[in-house]
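This report refers to the structure that appears directly beneath it.
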Amino acid sequence: MNQTRISIIVAASENNVIGKNNDLIWHLPADMKYFKDTTIGHCVIMGRKNYDSIPLKFRPLKNRTNIIITRQSDFKAEGCVVVNSIEAAIQKGRALNDTELFIIGGAQIYAQSLHLADRIYLTRVHHKFEGDAYFPALDLAQYKLISSRDTPPDVKNEYALSYLVYDKI
């Protein structure tokens, strides 16, 4: 049995907003680069609505195995693996011998998989936003902060960011 790390990667505001109207609220190239650099070469697991929110020119996410979870039995996405549960997605990633699977959202998938995560890559966007999709509150007593890096806003990134990595204790 291979040891596959199950990770969640998310960018969330100070009030845990992650999106609105099935879209990101912010444009943060630094975080997009971090996301890409962290997930490249691995399986990315996402819900169908999250997949649909990715601009067409970026679908499927390149150099990653895209695994989409949906209850729609007839859903197809070219170049992607389609499954009907988080457990099936994890099983598929393990069968591909991936060392780290990344759960990339959306809100329902995060809520359903938080208890499965060995590691959480949280980009904290230092601003409060209004939205309709939220990342669940983390019980930090269950996690150990293993890495932290702060970046100030700049010309391309309007908000200060903290890249936080937590491992489950």
[atom1] of [X] to [atom2] of [Y]: how many Å apart, nearest 0.5 Å?
X: Arg94; Y: Lys92; atom1: CZ; atom2: NZ; value: 14.5 Å
X: Ile45; Y: Ile67; atom1: CD1; atom2: CD1; value: 5.0 Å
X: Ile169; Y: Lys144; atom1: CD1; atom2: NZ; value: 8.0 Å
X: Ile90; Y: Ile69; atom1: CD1; atom2: CD1; value: 7.5 Å
X: His42; Y: Arg5; atom1: NE2; atom2: CZ; value: 9.0 Å

Mutual orientation of the aromatic rings belonging to Tyr121 and Phe102 [parallel < 30°, tilted 30-60°, perpendicular > 60°]: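 Tyr121 vs Phe102 ring planes: tilted.
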Aromatic ring pairing Tyr163/Tyr34, orientation class (parallel under 30°, perpendicular over 60°, tilted between):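 Tilted, since the angle between the ring planes falls between 30° and 60°.
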Grouping I, L, V, M, F, W and Y whenever their side-chain heavy atoms are under 4.5 Å apart, do [X] and [Y] come out in a common cluster?
X: Ile18; Y: Val125; result: no
X: Val10; Y: Leu114; result: yes
X: Leu164; Y: Tyr134; result: no
X: Leu145; Y: Leu161; result: no
X: Ile86; Y: Phe75; result: no

Which atom names give the shortest non-hydrogen contact between [X] and [Y], and what distance separates them?
X: Tyr110; Y: Ile9; answer: OH-O, 2.6 Å
X: Cys43; Y: Gly93; answer: SG-CA, 3.9 Å
X: Ala111; Y: Pro136; answer: CA-CG, 3.9 Å
X: Asp52; Y: Arg59; answer: O-NH1, 2.9 Å
X: Asn16; Y: Arg124; answer: OD1-NH1, 2.8 Å
X: Lys49; Y: Asn22; answer: O-ND2, 3.0 Å

Would you say [X] and [Y] make side-chain contact, with heavy atoms under 4.5 Å?
X: Asn50; Y: Ile109; answer: no
X: Leu101; Y: Ser7; answer: no
X: Ser73; Y: Asn84; answer: no
X: Tyr159; Y: Ser13; answer: no
X: Lys156; Y: Pro29; answer: yes

Partner set under salt bridge (charged side-chain N to carboxylate O under 4.0 Å, His left out) for Asp118, not counting sequence neighbours: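 Here no residue qualifies.
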Step-by-step side chain to side chain contact (heavy atoms under 4.5 Å, CB included) determination, Arg149 to Thr151: CA-CA 7 Å; Arg149 180 171 53 94; Thr151 61; 3.7 Å; yes
Taking atom [atom1] as the centre, does [X] end up with more than 12 heavy-atom neighbours from other residues, nucleotides or ligands that are less than 6.0 angstrom away?
X: Lys36; atom1: NZ; value: no
X: Glu78; atom1: CD; value: no
X: Gln108; atom1: CD; value: no

Verdict with reasoning, Val81 to Ile68, per side chain to side chain contact (heavy atoms under 4.5 Å, CB included): CA-CA 6 Å; Val81 176; Ile68 303 167; over 6 Å; no
Under 3.5 Å side-chain donor-acceptor pair for Ser53 and Asp23: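 Looking only at side-chain atoms, Asp23 and Ser53 do not form any donor-acceptor pair under 3.5 Å.
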Distance-only side-chain donor-acceptor flag, His126 / Glu14, under 3.5 Å: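 There is such a pair (donor and acceptor under 3.5 Å, judged by atom type) between the side chains of His126 and Glu14.
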Cationic N near anionic O, under 4.0 Å, Arg119 to Asp167: yes
Short N-O contact, Lys33 and Asp37, less than 4.0 angstrom: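 Yes, this pair counts.
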Residue pair Asp98, Thr65: steps toward the side chain to side chain contact (heavy atoms under 4.5 Å, CB included) verdict: CA-CA 10 Å; Asp98 196 352; Thr65 301; over 6 Å; no
From CA spacing to verdict: side chain to side chain contact (heavy atoms under 4.5 Å, CB included), Asn66, Met46: CA-CA 8 Å; Asn66 289 233; Met46 69 198 92; 3.5 Å; yes
Qualifying residues under ring pair (Phe, Tyr, Trp, His ring centres under 6.0 Å), relative to Phe35, sequence neighbours excluded: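 Once residues adjacent in sequence are excluded, Phe35 has no partner under the ring pair (Phe, Tyr, Trp, His ring centres under 6.0 Å) criterion.
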Donor-acceptor contact present, side-chain Thr70 to main-chain Gln72, <3.5 Å: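 Checking the backbone N and O of Gln72 against the side chain of Thr70, a donor-acceptor pair under 3.5 Å is found.
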